[in-house]
Amino acid sequence: MRILLSRAGRALPVVAAAAALAAVTALPVATATAAAASPVARAAVGDEAPYIVTVHKDADPATVARMVGASPDYVYRTALHGFSARLSPGQVAALHVIPGVESVQEDGGVSFFGTAD
């Protein structure tokens, strides 16, 4: 199902996500306009972990990353629609409340134990 929104309709999820982000990360916010303009404060490098985030086909992965102040390592648009980035716990929580975000999974290594027959 594809829903087309006017410019005003597209701005509402951004403002709502910014407000939710401010509540989740307990950042002081004076107005909704300030919340929409300021990204999430970057956490210390030790607090961040690698994640893969998938978004709905109608959402721009780079825009979603900017909404939470993330700097994507990769933006995927073919086999996967999303991005990978090192994210803080606050950024992960904020992504969970943004409309259009389908999954937020911590990136992990893959190992194979056995014989190749």
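Within the 4.5 Å cutoff, side-chain heavy atoms of Val104 are placed close to those of His96. Between Val53 and Leu87, the closest side-chain pair of non-hydrogen atoms falls below 4.5 Å.
No salt bridge links Arg86 with Asp47; every basic N to acidic carboxylate O contact stays at or beyond 4.0 Å.
Summarising the geometry, atom CG belonging to Leu95 is positioned 10.0 Å from atom OG belonging to Ser103; distances are rounded to the nearest 0.5 Å.
Considering all non-hydrogen atoms of both residues, Ser88 and Glu48 come closest at N-CG, 3.9 Å. Considering every non-hydrogen atom in both Pro72 and Ala85, the closest pair reads CA-CB, 3.9 Å.
Among Val64, Asp73, Thr54, the single residue meeting the side-chain contact (heavy atoms from CB on, under 4.5 Å) criterion with Phe83 is Val64.
Proximity of a side-chain donor or acceptor of His81 to a complementary backbone N or O of Ala59 within less than 3.5 Å is detected. At least one donor-acceptor pair closer than 3.5 Å links the side chain of Gln91 to the backbone N or O of Val68.
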